[in-house]
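Here the structure comes first, spelled out in structure tokens, and everything after it is commentary.
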Amino acid sequence: MGWIAKNSSWLLFVAAGVGFVFPALSALIFPWLPAILFFLMLFTLTGMEQSQVLRYLGQASTWKYALLHGIALPLLLWLGATLFGASADMTLALIAVGVTGSLFATPAIVRSLGLDAIPSAATTIASTLIMPLALFVFLLILQGDGISLDLTTYFARLLIFIIMPMGISALLYRYVPAPQLQQYHQRIAHFPIVLVFAFPLGLVGQFRSAFDDSIGQGLGYLALAFVICGVFFLVALGFYWSHGIAAALTAAITSGNRNVLLTWTVAGSYLGSEYLFLIGALQIPIYLQPLLIRQLYRKPSYAEN
């Protein structure tokens, strides 16, 4: 398991490739993703002191990032869709991806690259919390006042996937002696990043179905997915460059990773026919990012900043 965690940057990309090549395996993994997500968040958050996460959540900079993530970037995608004459369904899919909070696996990915996972955990939570409001406003503008979001399901998932793991972690830090907690951390240190493999494997099958219908169509979705992730990454990197390379890369990774499955759960059929194909294609650039960033971060010129 230690070898897997150490080599996770390229293995995550391989997992996306396996899901693409074997869509039946991807479909088999897909229904298990919610349960895997819970344990991923639990193992990730119990490796952090919740007082530190809450301290970051209380900072204005965290919420400024959330506004960049969930408001400014969707507006940028909307502008691009308008300029290039995208269809109404594609415009809707792009905005839905833009408002989506960061992937819950992001802190584990950030940690696997040797970066501080706590700021990433805080911005992941903040971007997830503003998502329903941003999504509602954009859908209201695009589709009129006939929309309604499944907020009951959304907040139930927030309770299960964020609040419960944070609560369990807080109880552990309060009642478990520090030496025992340290032993616990050592035993589970590699679990979160191993669990992340299920997500590219389970979600990329949606893209394969579009590719099977038309190779040209599939390549178009893939190219668009790379553009989206590249824009998200570069915008966040530019905004946070003055804070240092580590902070900038953490923000860029958090911006590029999107919890697109949660958005689908909340908005359902309101997201149009293009959304599922697009989020499947997004799995490839999302999980290529750690591999590229690991090489980038190793460069001496960056390490010195």
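Residue numbers start at 1 and run along the sequence shown.
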Please report the shortest heavy-atom distance between [X] and [Y], naming the atom on each side.
{"X": "Ser120", "Y": "Thr254", "value": "OG-OG1, 3.3 Å"}
{"X": "Ala15", "Y": "Pro200", "value": "CB-CG, 4.0 Å"}
{"X": "Ile130", "Y": "Ala66", "value": "CD1-O, 3.0 Å"}
{"X": "Gly98", "Y": "Phe232", "value": "CA-CZ, 4.0 Å"}
{"X": "Ile71", "Y": "Phe138", "value": "O-CZ, 4.2 Å"}
{"X": "Arg208", "Y": "Val21", "value": "NH1-O, 3.4 Å"}

Mind checking whether [X] and [Y] have side chains closer than 4.5 Å, heavy atoms only?
{"X": "Ile228", "Y": "Leu278", "result": "yes"}
{"X": "Leu249", "Y": "Tyr240", "result": "no"}
{"X": "Tyr65", "Y": "Ser255", "result": "yes"}
{"X": "Leu28", "Y": "Trp32", "result": "no"}
{"X": "Leu113", "Y": "Ile253", "result": "yes"}
{"X": "Leu33", "Y": "Phe30", "result": "yes"}
{"X": "Leu201", "Y": "Phe22", "result": "no"}
{"X": "Phe13", "Y": "Ile284", "result": "yes"}

Could you check whether any side-chain N or O of [X] sits under 3.5 Å from a backbone N or O of [Y], counting only pairs where one atom can act as donor and the other as acceptor?
{"X": "Thr100", "Y": "Asn259", "answer": "no"}
{"X": "Gln283", "Y": "Ile279", "answer": "yes"}
{"X": "Ser26", "Y": "Gly205", "answer": "yes"}
{"X": "Ser169", "Y": "Pro165", "answer": "no"}
{"X": "Tyr275", "Y": "Val260", "answer": "yes"}

Next item on the list: Test side-chain contact (heavy atoms from CB on, under 4.5 Å) on Thr124 and Leu103 and set out the steps.
Entry: CA-CA 7 Å; Thr124 294; Leu103 192 69; over 6 Å; no
Next item on the list: Determine, stepwise, if the pair Leu75 / Leu79 fulfils side-chain contact (heavy atoms from CB on, under 4.5 Å).
Entry: CA-CA 6 Å; Leu75 285 173; Leu79 175 62; over 6 Å; no
Spacing of [X] atom [atom1] and [Y] atom [atom2] [to the nearest 0.5 Å]:
{"X": "Leu77", "Y": "Thr82", "atom1": "CG", "atom2": "OG1", "value": "10.5 Å"}
{"X": "Thr106", "Y": "Arg111", "atom1": "OG1", "atom2": "CZ", "value": "13.0 Å"}
{"X": "Phe199", "Y": "Asn257", "atom1": "CZ", "atom2": "CG", "value": "11.5 Å"}
{"X": "Leu203", "Y": "Leu282", "atom1": "CG", "atom2": "CG", "value": "10.0 Å"}
{"X": "Met131", "Y": "His69", "atom1": "CE", "atom2": "NE2", "value": "9.5 Å"}
{"X": "Leu288", "Y": "Leu12", "atom1": "CG", "atom2": "CG", "value": "10.5 Å"}

Hydrophobic cluster membership, [X] vs [Y], 4.5 Å side-chain cutoff:
{"X": "Ile215", "Y": "Phe226", "result": "yes"}
{"X": "Tyr173", "Y": "Leu171", "result": "no"}
{"X": "Leu73", "Y": "Ile141", "result": "yes"}
{"X": "Leu292", "Y": "Trp241", "result": "yes"}

Next item on the list: Give a yes or no on whether the ring-centroid distance for Phe211 and Phe20 is below 6.0 angstrom.
Entry: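 For Phe211 and Phe20, the ring centres are under 6.0 Å apart.
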Next item on the list: Would you please indicate yes or no on a ring centroid separation below 6.0 angstrom for Tyr221 and Phe277?
Entry: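 Ring centres of Tyr221 and Phe277 closer than 6.0 Å.
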Margin query: As a test of understanding, state which of Asp116, Ile118, Leu115 forms a side chain to side chain contact (heavy atoms under 4.5 Å, CB included) with Val110.
Written below: Leu115
Notebook entry, point to check: For Phe239, does the CZ atom have more than 12 heavy-atom neighbours from other residues, nucleotides or ligands under 6.0 Å away?
Noted result: no
Next item on the list: Give a yes or no on whether Leu83 atom CG has more than 12 heavy-atom contacts from other residues, nucleotides or ligands under 6.0 Å away.
Entry: yes
Notebook entry, point to check: Could you walk me through whether Trp63 and Thr123 pass the side-chain contact (heavy atoms from CB on, under 4.5 Å) check?
Noted result: CA-CA 7 Å; Trp63 295 98; Thr123 50; over 6 Å; no
Margin query: side-chain contact (heavy atoms from CB on, under 4.5 Å), that's the test. Do Val204 and Tyr287 meet it? Break it down for me.
Written below: CA-CA 11 Å; Val204 78; Tyr287 291 102; over 6 Å; no
